[in-house]
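Lettering of chains follows the sequences in order, A, B, ..., and the numbering in each one begins at 1.
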Amino acid sequence: METNFYEQVYALVRLIPEGRVSSYGAIARALGAGKASRMVGYAMRYAGLAQAPVPAHRVVNSSGLLTGKFHFSPPEQMAELLAAEGVVVENDKVRHFKQVFWDPLKEI
DNA sequence: ATCATGACCATCC
DNA sequence: AGGATGGCCATGA
């Protein structure tokens, strides 16, 4: 079962529109735990176990790097999914990161 | 309560 | 550019 913290993370991640991405740190801050960015990634690991679908591929690190791509199967799926949504990924990182970046604090 | 873990972040070298 | 270090915090054993 998911804890409240994870629920918040999942809920926020699901709010990320297509063609947009967000960062662990931004999500953490949006939840009020700005320094718990690691927990966001931790939660993402459980995302696959979540009942509702979680677009974890839309979550990257502060540099737009696909840090968690190795958790997908296969790893390249992350970039593929992003590319399918119009997000340009090059060398495991998001191009025009600032443009496609979706800030929960700003949107919510 | 303590220890170890981690899909991070910032900084230093 | 790339590796190492410390910090921060939730989760589970």
Reckon A:Phe70 touches a base, only the sugar-phosphate, or nothing at all at heavy-atom distances under 4.0 Å? nothing

What pair of heavy atoms forms the shortest contact from A:Arg95 to A:Val100, and how long is it? O-CG2, 4.2 Å

Are A:Val89 and A:Met78 packed together at the side-chain level, in the sense that at least one heavy-atom pair is separated by less than 4.5 angstrom? no

Can you tell me the distance, in whole Å, between the CE atom of A:Met44 and the C1' atom of C:dA10? 14 Å

Checking C:dC9, B:dA7, C:dT11 against the side chain of A:Ala36 (C-beta onward), the nearest is C:dC9

Is there side-chain contact between A:Glu107 and A:Leu15, with heavy atoms separated by less than 4.5 Å? no

Can you tell which of A:Gln77, A:Glu80, A:Glu85 makes a side chain to side chain donor-acceptor pair (under 3.5 Å) with A:His57? A:Glu85

For A:Ile16 and A:Ser22, which heavy atoms make the closest approach, and how far apart are they? CD1-CB, 3.6 Å

Distance in angstrom units between A:Glu7 CD and C:dT11 P, rounded: 11 Å

Using a heavy-atom cut-off of 4.0 Å across all strands, would you classify A:Ala47 as base, sugar-phosphate, or nothing? nothing

Output the rounded distance in Å from CD1 (A:Ile27) to P (C:dC9). 18 Å

Side chain of A:His71 only, heavy atoms from C-beta on: which candidate in C:dG12, C:dC8, B:dA7 is closest? B:dA7

Measure from CZ on A:Phe5 to P on C:dG12 and round the result to the nearest Å. 12 Å

So A:Trp102 and A:Arg58, do their side chains get closer than 4.5 Å, heavy atoms only? no

Interatomic distance where OH belongs to A:Tyr10 and P belongs to B:dA7 [whole Å]: 14 Å

Dump every N/O contact between nucleotides 9-13 of chain B and the protein below 3.5 Å, one line per pair.
| from | atom 1 | to | atom 2 | distance (Å) |
| --- | --- | --- | --- | --- |
| B:dC9 | OP1 | A:Ser62 | N | 3.1 |
| B:dC9 | OP2 | A:Ser62 | N | 3.1 |
| B:dC9 | OP2 | A:Ser62 | OG | 3.4 |

So which protein nitrogen or oxygen atoms get under 3.5 Å of nucleotides 1-6 of chain C's nitrogens or oxygens?
none

Return the value, rounded to whole Å, for the distance between atom OH of A:Tyr6 and atom P of B:dA7. 11 Å

DNA chain C: A:Tyr42 or A:Lys35, which has the more 5' nearest nucleotide? A:Lys35

Could you label the plane-to-plane angle of the A:Tyr6 and A:Tyr10 rings as parallel, tilted or perpendicular, counting under 30° as parallel and over 60° as perpendicular? tilted

Looking only at heavy atoms, what is the nearest atom pair of A:Val13 and A:Ala56, with distance? CG1-N, 4.4 Å

Can you check whether A:Asp92 reaches A:Leu65 side chain to side chain, under 4.5 Å on heavy atoms? yes

